[in-house]
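Taking it in order: structure first as C-alpha cells, then the write-up.
Below, read A as the first sequence line, B as the second, and so on, with proteins coming before strands; counting in each chain starts at 1. Heavy atoms only: backbone and side chains are in, while hydrogens, waters and symmetry mates are out.
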Protein chains: 2
Amino acid sequence: MSSVKRSSAQQLRDALEDDIINGRLTPGERLDPEALGREFSVSRTPVREAIQQLVASGLVTVSPKKGTFVARIGIDQLIEMFEVMAELEGMCGRLAARRISEEELAALREALARCEAAAEAGDTDEYYYENETFHDCIYTASHNGFLAQEARQLKQRLKPYRRLQLQVRQRMGGSLAEHRKIVAAIEQGEAELAEQSLREHVLIQGERFSDFIASVKKLDASATRLDPSHDRTRA
Amino acid sequence: MSSVKRSSAQQLRDALEDDIINGRLTPGERLDPEALGREFSVSRTPVREAIQQLVASGLVTVSPKKGTFVARIGIDQLIEMFEVMAELEGMCGRLAARRISEEELAALREALARCEAAAEAGDTDEYYYENETFHDCIYTASHNGFLAQEARQLKQRLKPYRRLQLQVRQRMGGSLAEHRKIVAAIEQGEAELAEQSLREHVLIQGERFSDFIASVKKLDASATRLDPSHDRTRA
DNA sequence: AGGCGAGCTGATGTATACATCAATAGACCT
DNA sequence: AGGTCTATTGATGTATACATCAGCTCGCCT
C-alpha cells in the first residue's frame with residue numbers, strides 16, 4: 001500500500017492540514033512551532049518543514065519575527081479563487097462528458113443517488129460529504145490527472161470558508177437539481193452544457209455572497225485577536 | 001521597494017528556480033545539497049528549505065535515500081498540463097475582454113508591436129521574450145490576481161519544456177497572426193472569441209507534438225543517466 | 001506628562017552534529 | 001560461477017544550539 005512509514009514532517013503536515021481544513025484551526029490563528037513540537041514529540045526542524053509546505057500550499061502564512069498564522073484569505077481574493085474554481089470544475093465537466101468511462105459513470109450516478117438520499121433525509125452534513133464525492137467523481141472522469149489534482153488542491157484551500165456556505169438548507173434542493181442536470185449532460189456527452197452547468201453550479205454559491213460575506217467578516221473579526229481558547233499547547 | 005534583504009533560502013530558491021527554468025539545470029539532473037551549500041556558502045539547512053519549496057512548486061522531486069533531482073515530467077502529464085494551461089489562458093482572455101483598462105490595453109498593444117518587430121527581425125529569442133510579455137499582459141488584464149498567479153506558476157513549470165517548441169521559425173508567423181486576432185477580440189470586448197482564440201493559440205503548440213514529443217523523449221533519454229558534465233560542484 | 005531611545009524578549013533563520021535507512025558492493029557459501 | 005547474505009556507504013531526516021533581528025517595554029530626558 002501507500003508506504004505506512006512517513007516522515008514526521010509529513011505526518012505533522014497532514015495533521016495540521018486536516019486541522020485547518022476541518023476548522024479545528026481557524027484562519028488568523030497562531031501556530032507555535034515549539035508547542036507543536038512538544039505536542040508531537042519532535043523537534044522544531046520537522047515542524048518548520050511541515051509549516052513550509054503549508055505555506056507553499058497557501059494554507060499558512062509566516063511573517064518574519066512576528067509569527068506563523070493560519071492563512072486569512074481576503075474577501076476579494078476569495079472571490080477570485082471561486083472564479084477559478086468554477087472554471088476548473090467546468091473544464092472537468094467538459095472533459096468528463098467526452099471521456100467518462102462506464103465504471104466512472106456508474107460511480108457518478110451512485111454519488112448522485114447518495115446526494116439525493118442525504119437531501120431527502122435532510123442531513124446537511126451527510127449531503128456536504130456526498131456532494132464532495134460527487135464532484136470528485138467528475139474530477140476523476142476528466143481523465144486529466146493534473147487538472148484533477150489542481151481542482152482538489154484549490155477546493156481544499158477554499159474548504160475552511162466553504163463550510164459556511166451550504167449551511168443554508170434551501171440550497172440543498174437547488175444544488176441537487178443542478179447535480180441532476182450535470183449528470184444528464186455528461187451522460188449524453190454534451191460537453192459544453194456540462195461545462196456551463198458546472199460553472200454556474202459553483203458560481204451560484206459565490207453569488208450567495210450577500211449572506212456569505214457577512215459570515216466571513218464576522219469570522220475575520222473574531223479571529224483577529226489571537227483567540228487563546230484554541231491554544232493547542234494545552235493538553 | 002521589495003525588501004532587499006531576503007533569507008539565504010529564498011535567494012537560493014530563486015537562483016535554482018532560475019537555473020531550472022532557463023535550462024542551466026536540465027530535468028533529471030541531480031541536485032547535491034552539500035555541493036550547493038558550498039557554492040553558496042551556506043549550510044545544508046537553507047539549501048534543504050529551498051529544495052522543499054521547489055518540490056512544492058513541482059520543479060524538483062526528492063526520492064528518499066536516492067537523491068534530489070530536477071523534476072522530469074512525463075509526456076502524458078505534460079499534455080495534461082498544456083490542456084490546463086490552455087484553459088487558464090483562455091479564461092484570462094475572456095475576463096480581460098470584459099475588464100481590461102485603457103492603460104492595460106495600451107500595454108497589450110505595445111507588447112504586440114514588440115512581437116511584430118521581433119518577428120520581422122527574425123529574432124526568435126527576442127520573440128520568445130516578447131511573447132511572454134504579451135501573455136503576461138493578458139494575465140494582468142484579467143483583473144483576477146489569483147488566476148494570473150496560477151497561470152504564471154504553471155507557465156514557469158512548463159518553461160523547461162517550452163523552450164523546445166517555438167524554435168520552429170515558421171511558427172512565429174502563425175503565432176503573430178493569432179496574437180493579432182486575440183488583441184482584436186479583447187479590444188472589442190468579445191469575451192468568448194478571446195477565450196477560444198487564446199485556448200487554441202496555446203493548444204496549437206500542443207498539437208505540434210509530433211515533432212515536440214520526439215525532442216522531449218530525446219531529452220529524457222540523455223538525462224536519464226545522471227549526466228556528470230553538469231556537475232555544479234566543480235568550480 | 002508625553003515622547004523618545006536603549007535594552008530586552010521572543011520570534012524566525014542558520015549552523016552543525018547525529019540518526020536512520022535503503023541502495024550497493026563485496027565476500028562468503030553452495 | 002552464481003546467488004545470497006551482510007557490511008559499508010551515502011543520502012535524507014532529525015535534534016540541538018546559536019545567530020539575528022523586529023517589536024515591545026521600561027525608563028530616561030525634555
Under the 3.5 angstrom rule, does the side chain of B:Q77 hit a backbone N or O of B:G74 as a donor-acceptor pair?
-> no
Are any side-chain N or O atoms of B:E89 and backbone N or O atoms of B:A86, one a donor and one an acceptor, separated by less than 3.5 Å?
-> no
Covered region of DNA chain C, 5' end to 3' end, by chain B [heavy atoms, under 4.0 Å] | C:dG13 to C:dA23
Which pairs count as side chain to side chain donor-acceptor pair (under 3.5 Å) when at least one residue sits in residues 90-100 of chain B, sequence neighbours excluded?
-> A:E83-B:R99, A:E87-B:R94, B:R94-B:E195
What pairs of residues pass the side chain to side chain donor-acceptor pair (under 3.5 Å) test when at least one of them lies in residues 58-70 of chain A, not counting sequence neighbours?
-> none
Those residues of residues 51-58 of chain B lying under 4.0 Å from DNA chain C by at least one heavy atom = none
Residue list, salt bridge (charged side-chain N to carboxylate O under 4.0 Å, His left out) with A:E110, at least two apart or on another chain | A:R114
Who pairs with B:H201 by ring-ring contact (aromatic ring centres under 6.0 Å, His included), at least two apart in sequence or on another chain?
-> B:H135, B:H179
Residues which pass ring-ring contact (aromatic ring centres under 6.0 Å, His included) with A:Y139, listed by chain and number, not counting sequence neighbours | none
Nucleotide N/O of nucleotides 8-11 of chain D paired with protein N/O under 3.5 Å:
unit_1: D:dA11; atom_1: OP1; unit_2: B:R30; atom_2: NH1; d: 3.4
unit_1: D:dA11; atom_1: O5'; unit_2: B:R30; atom_2: NH2; d: 3.0

The side chain to side chain donor-acceptor pair (under 3.5 Å) partners of A:D76 (sequence neighbours excluded) come to none
Partners meeting side chain to side chain donor-acceptor pair (under 3.5 Å) with A:D123 (sequence neighbours left out) = none
Salt-bridge contact B:E132-B:K159 (side-chain N to carboxylate O under 4.0 Å) | yes
Hey, are B:R24 and B:D18 close enough for a salt bridge, meaning a charged N less than 4.0 Å from a carboxylate O?
-> yes
Which pairs count as salt bridge (charged side-chain N to carboxylate O under 4.0 Å, His left out) when at least one residue sits in residues 45-59 of chain A, sequence neighbours excluded?
-> A:R48-B:E49, A:E49-B:R48
Mind listing the residues from residues 41-50 of chain B sitting with a heavy atom below 4.0 Å of DNA chain D? Number order is fine.
-> B:R44, B:R48
